[in-house]
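Reviewing the structure listed below.
Below, all heavy atoms of this structure are taken into account, side chains as well, without hydrogens, waters or symmetry copies. Ligands are counted one by one from 1 in listed order, and the atoms in each one are counted from 1 as well.
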Amino acid sequence: MSDRVYNFSAGPSMLPLEVLERAGKEITNYQGSGMSVMEMSHRSKVFQKIFDDTKANFIKLFHVPENYKVLFLQGGASSQFSMVPLNLIGKTGKADYAVTGNFSNIACKEAKKYGEINLAASSADKNHTYIPAQADLKLDPQASYFYYCANNTIYGTEWQYIPDTGDVPIVCDMSSDFLSRVVDVSRYGIIFGGAQKNLAPAGLTIAIVREDLAGNELPYTPLMMNYKTMIDKDSMYNTPPCWCIYMLGLVLEWLESKGGVEGMEQIKHAKAKLLYDVLDESKLFTCAAEVGSRSDMNVTFRSASQELDAKFVAEATAAGFVNLKGHRNVGGMRASIYNAMPTEGVEKLADFIRAFDRAN
Ligand SMILES: *Cc1c(COP(=O)(O)O)cnc(C)c1O
């Protein structure tokens, strides 16, 4: 569709065109129900089927083992920063945090309200341009859990390995690389993420919780922040984010048609490589993240001057490549290339970068 731009927004970010068109078609009358999904009771049979099918498809595509519960929550990934310690830290009163960016830093600060936090690793010494190695993790065997953020949306770094924490359960924020790669869920205690980067519109937060970890919440844990409440009521203690769950269902069908998470993993790596190769070859640009820590989802880069960065962003915008300005913590540019960004969009951006490099 010629009136659509290539949207490199970090989030909320683009959704597959096929999904938007299908949602558009069904917006006033969902499959003969005579009403929009937005207007339905969450207890209706029609919606219950949307909910069940979506959850089942998520479990299938992400290979979630049987002893895990998939929860459809609200409050954003940021609410999980409180929900995780409220539910898990009571076991020993202690937790390990790896701080590799903005969101793990906020999560770490929040957790300090509820227990004793050990900074297991930090990349703050080099403005979060790298991911610490396993050998550099200072792990506390007494920790109730180990926390990290798989993909650092702002800094453009991504963990290339799952930390080995022995018997300590791992909690992971996958907001910005959810369903972009195959994950061995059994290595984790909890995986969570806001949907608006890779999965659905803003308003839905997904948490995958190993069942035995729920039910140990601190006594003052708010009802709505208790994993056990939500597990017992299958995410429907109260009204869930119905529209977003429906949209997730459509995105998952689309994902399946693209070869599932396995298919996405192939595509996303090739897409990222297109950009990193052009940037590495260019005279003007350098990547913010160190080789070996680079994100396949958020590509951060800059030129030698802020003026040239601004010129790049302005010319890119005029050419139909929008939302490329980097986050203020990093500066420069950031191209977010989540699942829904077609390879064609990345190829065209790579061409644009090459041409800009030559002309400047
Ligand atoms: C966007 C983002 C968040 C914040 O998500 P909200 O849903 O806005 O709370 C947290 N963690 C990561 C990795 C993110 O990319």
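Judged purely by atom type and a 3.5 angstrom limit, Asn339 uses its side chain to pair as donor or acceptor with the backbone of Leu179. Remark: the backbone N or O of Ser303 is paired with a side-chain donor or acceptor of Asp309 at under 3.5 angstrom. Asn67 places no side-chain N or O within donor-acceptor distance of the main-chain N or O of Glu211, the cut-off being under 3.5 Å.
Taking the ring axis of Phe103 as reference, the NZ or CZ atom of Lys197 stays within 45° of it and closer than 6.0 Å to the ring centre.
Taking the six-membered ring where tryptophan is involved, the planes of Phe192 and Tyr147 are tilted, since the angle between them lies from 30° to 60°.
For atom 9 (O) of ligand 1, the nearest non-hydrogen atom from the set Ser78, Cys172, Gly75, Ala107 comes from Ser78.
Residue Gly194 has no nitrogen or oxygen atom sitting less than 3.5 Å from a nitrogen or oxygen atom of ligand 1, judged on distance alone. Residue Asn151 has no nitrogen or oxygen atom sitting less than 3.5 Å from a nitrogen or oxygen atom of ligand 1, judged on distance alone.
Between the side chains of Asp184 and Ser186, at least one donor-acceptor pair of N or O atoms lies under 3.5 Å.
Less than 4.0 angstrom separates some heavy atom of Ser176 from each of these atoms of ligand 1: 13 (C), 15 (O). Numbered from 1 in the order shown, with element, the atoms of ligand 1 that lie under 4.0 Å from a heavy atom of Cys149 read 13 (C). Interface of Thr153 with ligand 1, defined as ligand atoms under 4.0 Å from a residue heavy atom, comprises 12 (C), 13 (C), 14 (C), 15 (O). Taking every heavy atom of Gln196 and a limit of under 4.0 angstrom, the matching atoms of ligand 1 come to 5 (O), 6 (P), 7 (O), 8 (O). Within ligand 1, the atoms closer than 4.0 Å to a non-hydrogen atom of Lys197 are 1 (C), 2 (C), 3 (C), 14 (C), 15 (O), numbered from 1 in the order shown. Using a 4.0 Å cut-off to heavy atoms of Gly76, the atoms of ligand 1 that qualify are 7 (O), 9 (O).
Closest protein heavy atom to atom 5 (O) of ligand 1: Ala77 CB, 3.5 Å. In this structure, the protein non-hydrogen atom closest to atom 4 (C) of ligand 1 is Phe103 CE2, 3.6 Å. Protein heavy atom closest to atom 11 (N) of ligand 1, with residue, atom name and distance, is Asp173 OD2, 2.6 Å.
Contacts between Ser79 and ligand 1 below 4.0 angstrom, taking non-hydrogen atoms only, are absent altogether.
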Steps toward salt bridge (charged side-chain N to carboxylate O under 4.0 Å, His left out) verdict (Asp234, Lys55): CA-CA 10 Å; Asp234 198 10; Lys55 197 172 84 167; 2.7 Å; yes
Between Tyr188 and Tyr68, is a ring pair (Phe, Tyr, Trp, His ring centres under 6.0 Å) present by the stated rule, with each step listed? CA-CA 10 Å; Tyr188 292 88; Tyr68 289 75; 8.9 Å; no
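Note: Tyr97 and Tyr145 meet the aromatic proximity criterion, with ring centroids under 6.0 Å apart.
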